[in-house]
Amino acid sequence: MINPRYEAILVRNRHQNGLDDKTPEVTGYRPAGAFTHITFSSGKTYKYSADNVVVLRNPAPIFLKPRDTVTVRGKVFEAVTEVLRFDSPHGTWLRVFHTGDAGPGYETCRDTQITISQPSEEEIEAQVVLDYWRDVASKLREDDPLRRQYEDFRRVPAGSALEVLLQRQTLTSPEKIQRHPILPFSSNISQREALLKGLSNRITVIDGPPGTGKTQTILNLVANIVTVPGQRVGIVSFNNAAVENVRDKLAEEGYGHIVADLGRKEKIAEFFARQEARNAAVDEFVGQSPAEAPPAEYVAELDSRLQTLQGTARQLAMWKQELNAYQLERRHFLLQADTRELPALEGVPLLRAPSARILEFLADTAFMPVESGPVRKLFRRLRLRLRYGRLGRVDPHDTDVVLRLQGAYYDSKVKELEERIDQAGQLLANEDYGRLEEEHRLASRQTLEASLHSRYAQTRRRVHSEATYRSTFAEFTADYPVILSTCHSLRRSVPTGQLLDYLIIDEASQVDLLAAGLALSRARNVIVVGDLQQLQHIADERASRNSEKAPSTSVDYRKHNILSSIIDQFGDDLPRTMLREHYRCDPAIIDFCNRKFYGGRLVPYTSSGSGGQPLVVVRTAEGNHMRQHNSGGRTNQREADVIAKEVLGQFCSGISNEQIGVVTPYRRQVDKVTEALLNSIHADTVHKFQGRQKDVIIMSTVLDETNSGHQGVSFVDDPHLVNVAVSRAVKRFVLVTNNEMLPKSRHLRDLVHFIRYRNPEDGVFDSNVLSVFDLLYREYSALLRPLAARLRNSSTYTSENIIWTLLSEILEDELFSDLAVAPQVLLKNLLRDPAMLTSQQAAFVQNRASLDFVVYNRVTNMPVLAIEVDGFAYHENNPAQQVRDDLKDAICRAHKIRLLRLPTTGSGEETRIRSELAAALG
């Protein structure tokens, strides 16, 4: 045997009479007279003339600088441990020692076939990040697979998505894509946009809120990738469930034969064991008459028509969503305003005017001064009549008149929305929208099947094995263009030097940076699918605490998952699409998540079922029922009993046990609930329920109002946890909580108030302050602000506009993301019981008394803070106005409306507003 560190054995090429550097590495030689017996790495031995064998000895080491890149015959070696130089009359040869998937090895080459180069600044920055991740991985448990893989992961592969990410390269892909994609699986506007961005950029993000068709989007991405000859795609996730869901869907649709399942060990064994049956099915498919792909022009024409109608369908869904919101807000308005006591205003055309016209009148009269002479009043009335028609006895300063017009606004708005919905529905029916969708889907499927037929007709079936598929990876992926794996195992599944064309990472918010880095090193382009509003990754605290400091915040293992890291690194330059169309939950259920976590951008395509409330709060009896265990965890036997004995019978009637789920933040409470149920109803932690759904979800919050219970609020009230819990429910969500309903929480408290807002007639709401009419004041504000800017020229009004602008900026902060602001809110719109007012206060309220601004929770519509801007001349230096201010202060105190006055002669307004808002939020 030879020692490769001291000897290099080269064989002369018989045809070119030169030394053969492409011969498999020599592992041994034995001289025998005029001949030499050469043993190669394959294990075979051949006899050569001694004249054709050259033995090189006494190499000189080449010292590598830190981060030197070694490339042999165009191939970059990631983990080079040593380079030796052999000089001889036959030329200079080098031997490169390295480690890789198969363990240590070496390459021998001419000096003209190797380059050793220093990396660029961008390459160095990328290498620093990889070194940091490797340091974190080295602090993981000894048996952690990430730790073992990072030991040999020392170079960022050229051309990989990891290189693009860490060097922050241009994201636009140089490769062209087909202009009109195929959509063999159902799709919509958002999914189509996400698909096009994913195929035309090196790195893209798809934000996939609950129930928005992430799997359908992935299936269509796969279809478009595999129709391109030679392209291959990997699909990975944090766990096997999401990946297996894609596999099962492809199999259901008849495309299981394109998938190689290389995830869990047992799945790999199962995959390779069933190749014979799979190959027979492919042969049968190929033996059929080849599917004929429809003309590209035909598909393009269908695609163009479909896009137009999909836009109409989305607008229809948005109008239905808006109609439901206005009908609910009108219910609240009618409960508050005693319409029997409001003036009829008979014969006033304004009552039958379009909603926008009514709102214009209210905005136009908002700043009219009460005190003015008869001539000024006459001119003002004539101007209003010319603009709005006959007004009769309409007094714009009378609060009851304003309420009557607000009621007319709701009636008109609801009627307008109903008309738009009818028109859009009729248009979709006339254009046979459903038939066009099916026609486009069929044409797309024919295109896909024609491409697959061509792929498999050109090759013969092979039986691959787990031991050999890496050595024939090109042939393997020609057979199986879709590789399913986990982030942890993809790097092992794809051999060194090979890059998949695309990588799709599902459930990306749970994928930590170490796992993602491994997967990204094996693909050219990546499409990251996830949701930052759902449960996040869990970092290994010990590893992150004991490792080096992250080179930058965006690559910090502890702070970021792969989804948040990419968003943080590329910002607005990132091609990013949010899937907006929602297909899972009852509109009332997803409305909470939509308002609370998604900025109102989701568009429900579902409709409410008949029978009962989709959102319910169940309070346990008074008392502290939580128990904290010495060994860790919390339980609440009372909540478990309430679920078993009351909730199931009252709120789950007619629902099969398989379609009922119980979730809770605590593992110990899962055991309590399971003991209490004694049936097939599934109970688990919220974390384990991510990715699942049930017709009915029951949530046990466990906590009570003891000090120990208060200490657990931050865990139970985590916004990601609350979002996941609620969005698992298809038809009904039941919140089981303590009697006080966790007043020290924020997100669960909002959920309770939202449920109360959705059910205004049930009498549960015991506050004397009403919710803000969000929809009314949102449109009112849009008209009022430009009007106020024209009318208000005094210093008082200028300062009020400044505060309006300041409030808008403050409410953009994450801390106040649940809040919105409404200007000039009628006091009477907020007061439930006018009987609480004194006669003087009632007269004041009746004279169109309003608050300059009301900051309210846009999830629950509950007022948070009222703000008055007090100009010196109009307030402090005006005794009559001071009386009115005192009345307003007294009314707010009596109804527990938090009020902040900002004098124009003061300072530090932003600090005061922020402080008051923070205090109001608790």
Side-chain angles (χ1 to χ4, degrees), residues 328-343 359 362 365-366 370 395-410 753-754 756-778 780-781 784 819-870 881-901 916 920:
L328 176 60
E329 191 164 294
R330 183 170 66 170
R331 282 164 57 195
H332 280 270
F333 176 83
L334 294 175
L335 283 172
Q336 179 237 343
D338 189 348
T339 54
R340 296 169 300 176
E341 300 297 326
L342 296 181
L359 218 54
L362 292 174
T365 57
V370 179
D395 179 1
H397 294 112
D398 188 330
T399 297
D400 284 346
V401 168
V402 175
L403 290 175
R404 180 70 182 89
L405 291 173
Q406 287 178 344
Y409 163 80
Y410 283 116
H753 284 288
F754 177 82
R756 285 173 155 180
Y757 178 76
R758 294 287 316 185
N759 303 285
E761 289 94 351
D762 66 2
V764 174
F765 208 103
D766 49 12
S767 171
N768 287 320
V769 179
L770 297 169
S771 57
V772 174
F773 298 128
D774 171 60
L775 299 173
L776 167 67
Y777 278 102
R778 199 187 309 168
Y780 184 53
S781 174
L784 198 61
L819 305 181
V821 60
Q824 298 300 315
V825 176
L826 282 181
L827 264 173
K828 197 163 186 179
N829 279 152
L830 296 179
L831 306 181
R832 175 177 292 278
D833 186 8
M836 293 179 62
L837 301 173
T838 66
S839 58
Q840 187 182 17
Q841 290 172 347
F844 171 69
V845 168
Q846 191 62 29
N847 196 19
R848 201 170 178 173
S850 63
L851 294 160
D852 287 341
F853 302 103
V854 172
V855 179
Y856 62 98
N857 186 310
R858 58 181 174 78
V859 180
T860 67
N861 291 0
M862 291 301 297
V864 172
L865 176 68
I867 298 176
E868 287 282 288
V869 182
D870 299 338
Q881 183 59 35
Q882 285 185 5
V883 172
R884 289 191 286 267
D885 289 347
D886 291 343
L887 286 169
K888 191 179 293 186
D889 291 349
I891 292 169
C892 288
R893 280 196 303 272
H895 290 81
K896 294 184 173 59
I897 298 174
R898 196 181 193 103
L899 177 62
L900 171 64
R901 287 194 174 275
E916 285 290 327

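What you see is a predicted model; the values in this text were computed from it and never measured.
- The two residues P823 and S781 make their nearest non-hydrogen contact at CD-CB, 3.6 Å.
- Across every non-hydrogen atom of I891 and F844, the tightest pair is CD1-CD2, 3.9 Å.
- Of the possible polar contacts, none joining the N847 side chain to the A849 backbone as a donor-acceptor pair under 3.5 Å is found.
- Distance check: Q406 CD to L362 CG gives 6.5 Å after rounding to the nearest 0.5 Å.
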Evaluation steps, side-chain hydrogen bond (donor to acceptor under 3.5 Å, both in side chains), between Q881 and D885: CA-CA 6 Å; Q881 183 59 35; D885 289 347; 2.9 Å; yes

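- Two rings, from Y780 and Y777, have their centers less than 6.0 Å apart.
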side-chain contact (heavy atoms from CB on, under 4.5 Å) between L776 and R330, worked out: CA-CA 10 Å; L776 167 67; R330 183 170 66 170; over 6 Å; no

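- For H332 (side chain) and Y757 (main-chain N/O), a donor-acceptor pair under 3.5 Å exists by modelled atom type.
- Between V772 and the options V855, V864, V854, T860, a side-chain contact (heavy atoms from CB on, under 4.5 Å) holds for only V854.
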Intermediate values then yes/no, side-chain contact (heavy atoms from CB on, under 4.5 Å), F754 and N857: CA-CA 10 Å; F754 177 82; N857 186 310; over 6 Å; no

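- The two atoms that bring Y409 and L775 nearest to each other are OH-O, 4.2 Å, heavy atoms only.
- Counting heavy atoms from C-beta on, the side chains of L335 and R832 never come closer than 4.5 Å.
- Applying the side-chain hydrogen bond (donor to acceptor under 3.5 Å, both in side chains) test to D398 and every residue at least two apart in sequence or in another chain returns Q846.
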Chi angles and distances behind the side-chain contact (heavy atoms from CB on, under 4.5 Å) call for E341, D400: CA-CA 8 Å; E341 300 297 326; D400 284 346; 5.8 Å; no

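- L899 and E868 make their closest contact through CD1-CG, 3.8 Å (heavy atoms, listed as atom of the first residue, atom of the second, distance).
- In this structure, the side chain of R848 engages the main chain of P396 through a donor-acceptor pair within 3.5 Å.
- Atom CZ of R901 sits about 8.0 Å away from atom CG of D852, to the nearest 0.5 Å.
- Taking F333 as the reference, Y410, F773 meet the ring-ring contact (aromatic ring centres under 6.0 Å, His included) condition, with sequence neighbours excluded.
- Listed by chain and number, the residues in a side-chain hydrogen bond (donor to acceptor under 3.5 Å, both in side chains) with T399 amount to none (sequence neighbours excluded).
- Closest non-hydrogen pair, K888 versus L851, comes out as CD-CD2, 3.7 Å.
- Closest non-hydrogen pair, E329 versus D774, comes out as OE1-N, 3.1 Å.
- If you take CG on L403 and CD on Q336, they are separated by 6.0 Å, rounding to the nearest 0.5 Å.
- To the nearest 0.5 Å, atoms SG (C892) and CG (L827) are separated by 6.0 Å.
- Counting only distance, with no hydrogens or angles, the side chain of K828 and the backbone of A842 share no donor-acceptor pair below 3.5 Å.
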